[in-house]
Protein chains: 2
Amino acid sequence: MARAATTADVFNAIAEPQRRRILTLLAGGEQSVNDIARSLRLKQPQASKHLGVLKAVGLVNVRGVGRSRLYTMNARKLKPVHDWVRAFEKLWADRLDRLDEYLNELQSGEIRDEPTN
Amino acid sequence: MARAATTADVFNAIAEPQRRRILTLLAGGEQSVNDIARSLRLKQPQASKHLGVLKAVGLVNVRGVGRSRLYTMNARKLKPVHDWVRAFEKLWADRLDRLDEYLNELQSGEIRDEPTN
DNA sequence: AAGTTATATCCCCATATCGGAATATTTCAA
DNA sequence: TTGAAATATTCCGATATGGGGATATAACTT
């Protein structure tokens, strides 16, 4: 088997940085393909393709108006991701775990000045 | 350019279902490769490979004990994902948006009995 | 030293990617 | 009808994937 298609699920769809940028932009409201492409400095075909992937997994909805296609975000589809990640939140929330992680990183010698993220 | 490497960042690393299963398992505590492989019914090499990816993005830490290698989760690395997704939470949290989404789906004719997720 | 257990690594391969570039399609305008 | 504007689609190519299978490496045991 090869890597799962980007359209396989939301997790794969949002693995792409450009697509995350598109979603962030759309969170601000409906946008046409050209608007998106210009805002994010993407070429029109790439914008269309990324939107196609997002549409395939249901993260966006389209509405045709004249010759424009207006895309809207369907944020709800991110809920599974939110739920999955949130389950781990407690593991980094308290101080004991931060100390623990700090020690781990110290030990693996990967302490630089990078954000802990 | 091709698709970004799975080791490019956490978003790509967790796009793989098996790797998410591994993380979920590790959230319960330290586990050896064999334990993980057996628990998740993976073959040892695949388990090692997936752990390699998770290690590469810092989602897990390793500790060698005898001939075993014990993996621990480093949940903190999920924070960027959590933060990114959480920013959209308000978009699906209130009822108005649910109604809006419902209408959108109705209009695109994709209403079946699938979970809204 | 020889055998065994626990992991990691290597090779193979079918598959999908993402960007670029060109072109097709749809819709409005003159 | 002809042209232009807005999108979508197609073909290309380099690249990494993930599972299978075999094997290498490391560490403990007797």
Side-chain angles (χ1 to χ4, degrees), chain A residues 1-23 25-26 30-73 108, chain B residues 1-23 25-26 29-57 59-73 108:
Chain A
M1 199 185 293
R3 192 169 178 181
T6 53
T7 55
D9 54 49
V10 175
F11 282 93
N12 279 281
I14 66 172
E16 235 286 330
Q18 309 286 17
R19 282 194 288 268
R20 288 200 299 280
R21 298 211 300 146
I22 291 178
L23 291 177
L25 179 61
L26 287 182
E30 210 176 34
Q31 297 266 347
S32 75
V33 178
N34 259 343
D35 288 346
I36 296 171
R38 249 182 306 110
S39 289
L40 304 183
R41 305 199 155 197
L42 298 175
K43 306 200 170 163
Q44 179 269 316
Q46 328 300 332
S48 269
K49 287 180 201 170
H50 283 312
L51 286 165
V53 174
L54 295 174
K55 180 81 182 73
V57 298
L59 275 168
V60 297
N61 290 111
V62 208
R63 176 170 78 100
V65 169
R67 42 190 157 187
S68 300
R69 314 209 75 204
L70 302 181
Y71 283 84
T72 335
M73 179 167 193
S108 33
Chain B
M1 198 185 294
R3 192 170 179 179
T6 53
T7 55
D9 55 48
V10 175
F11 282 92
N12 279 281
I14 67 171
E16 234 286 329
Q18 308 287 15
R19 283 193 288 268
R20 287 200 299 279
R21 297 210 302 147
I22 291 178
L23 290 177
L25 178 61
L26 287 181
E30 210 176 34
Q31 298 266 345
S32 74
V33 178
N34 260 342
D35 288 347
I36 296 170
R38 249 182 306 109
S39 288
L40 304 183
R41 306 198 154 197
L42 298 175
K43 305 198 172 167
Q44 178 270 317
Q46 329 299 335
S48 268
K49 287 181 204 170
H50 283 311
L51 286 165
V53 173
L54 294 174
K55 180 82 182 71
V57 297
L59 275 168
V60 298
N61 290 111
V62 207
R63 177 170 77 100
V65 170
R67 45 191 156 184
S68 302
R69 313 210 74 204
L70 303 181
Y71 283 83
T72 333
M73 179 169 194
S108 32

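Letters A, B, ... are given to chains in the order of the sequence lines, protein chains preceding strands, and every chain is numbered from 1.
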Side-chain donor-acceptor pairs under 3.5 Å in residues 38-47 of chain B, sequence neighbours left out?
from	atom 1	to	atom 2	distance (Å)
Arg38(B)	NH2	Asp35(B)	OD1	3.0
Ser39(B)	OG	Asp35(B)	O	3.1
Gln44(B)	NE2	Ser48(B)	OG	3.2

Report task. Would you check if Glu30(B) and Arg63(B) make a side-chain contact, meaning some heavy-atom pair closer than 4.5 Å? Result -> yes
Requested in this report: Using heavy atoms to find the nearest nucleotide of DNA chain C for Leu70(B) and Thr6(A) separately, return the residue whose nucleotide is more 5′.
Outcome: Leu70(B)
Query raised in the report: Are any non-hydrogen side-chain atoms of Leu23(B) and Leu59(B) less than 4.5 angstrom apart?
Result: yes
Report task. Would you indicate which nucleotide in dG18(D), dA14(D), dA6(D) comes nearest to any side-chain atom of Ser68(A)? Result -> dA6(D)
Report task. Using a 4.5 Å cut-off on heavy atoms from C-beta on, say whether the side chain of Leu70(A) contacts that of Val62(A). Result -> no
Query raised in the report: Any side-chain heavy atom of Tyr71(B) within less than 4.5 Å of one from Asn61(B)?
Result: no
Query raised in the report: Taking side chain as C-beta onward, heavy atoms only, is Val33(B) less than 4.5 Å from Leu51(B)?
Result: yes
Query - 5' to 3' contact window, DNA chain C with chain B (heavy-atom distance under 4.0 Å) - result: dT4(C) to dC18(C)
Query raised in the report: In whole Å, what is the span from the CG atom of Leu54(B) to the C1' atom of dG18(D)?
Result: 14 Å
Atom pairs and distances, donor-acceptor, side-chain atoms in residues 9-20 of chain A, under 3.5 Å, two or more places apart:
from	atom 1	to	atom 2	distance (Å)
Asp9(A)	OD1	Phe11(A)	N	3.0
Asp9(A)	OD1	Asn12(A)	N	2.8
Asp9(A)	OD1	Asn12(A)	ND2	3.0
Asp9(A)	OD2	Asn12(A)	ND2	3.3
Asn12(A)	OD1	Arg3(B)	NH2	3.1
Asn12(A)	ND2	Ala15(B)	O	3.4
Glu16(A)	OE1	Gln18(A)	N	3.0
Gln18(A)	OE1	Arg21(A)	NE	3.2
Gln18(A)	OE1	Arg21(A)	NH2	3.3
Arg19(A)	NE	Ala13(A)	O	2.6
Arg19(A)	NH1	His50(A)	ND1	3.2
Arg20(A)	NH1	Ile14(A)	O	2.7
Arg20(A)	NH1	Ala15(A)	O	3.2

Query raised in the report: Would you say the side chain of Leu25(B) lies within less than 4.5 Å of the side chain of Gln31(B), judging by non-hydrogen atoms?
Result: yes
Query - Protein-nucleotide distance (Asp35(A), atom CG; dT7(D), atom C1'), rounded to Å - result: 13 Å
Query raised in the report: Which is true for Ser48(B) with a 4.0 Å heavy-atom rule: it touches a base, it touches only sugar-phosphate, or it touches nothing?
Result: base
Query raised in the report: What integer distance in Å separates Arg69(A):CZ from dT9(D):C1'?
Result: 13 Å
Report task. Output the distance between atom OG1 (Thr7(A)) and atom NZ (Lys55(A)), rounded to the nearest 0.5 Å. Result -> 13.0 Å
Report task. Provide, to the nearest angstrom, the distance between the CG atom belonging to Leu51(A) and the C1' atom belonging to dA8(D). Result -> 11 Å
**Report entry** Protein-nucleotide distance (Tyr71(A), atom OH; dA6(D), atom C1'), rounded to Å
**Finding:** 11 Å
**Report entry** Of Gln18(A) and Ala5(A), the one whose closest DNA chain C nucleotide lies more 5'
**Finding:** Ala5(A)
**Report entry** Sugar-phosphate or base contact per nucleotide [nucleotides 20-30 of chain D; S, B, -; heavy atom under 4.0 Å]
**Finding:** BBB----BBS-
Query - Closest-nucleotide ordering on DNA chain D, the 5'-leading residue of Ser32(A) and Leu42(B) - result: Ser32(A)
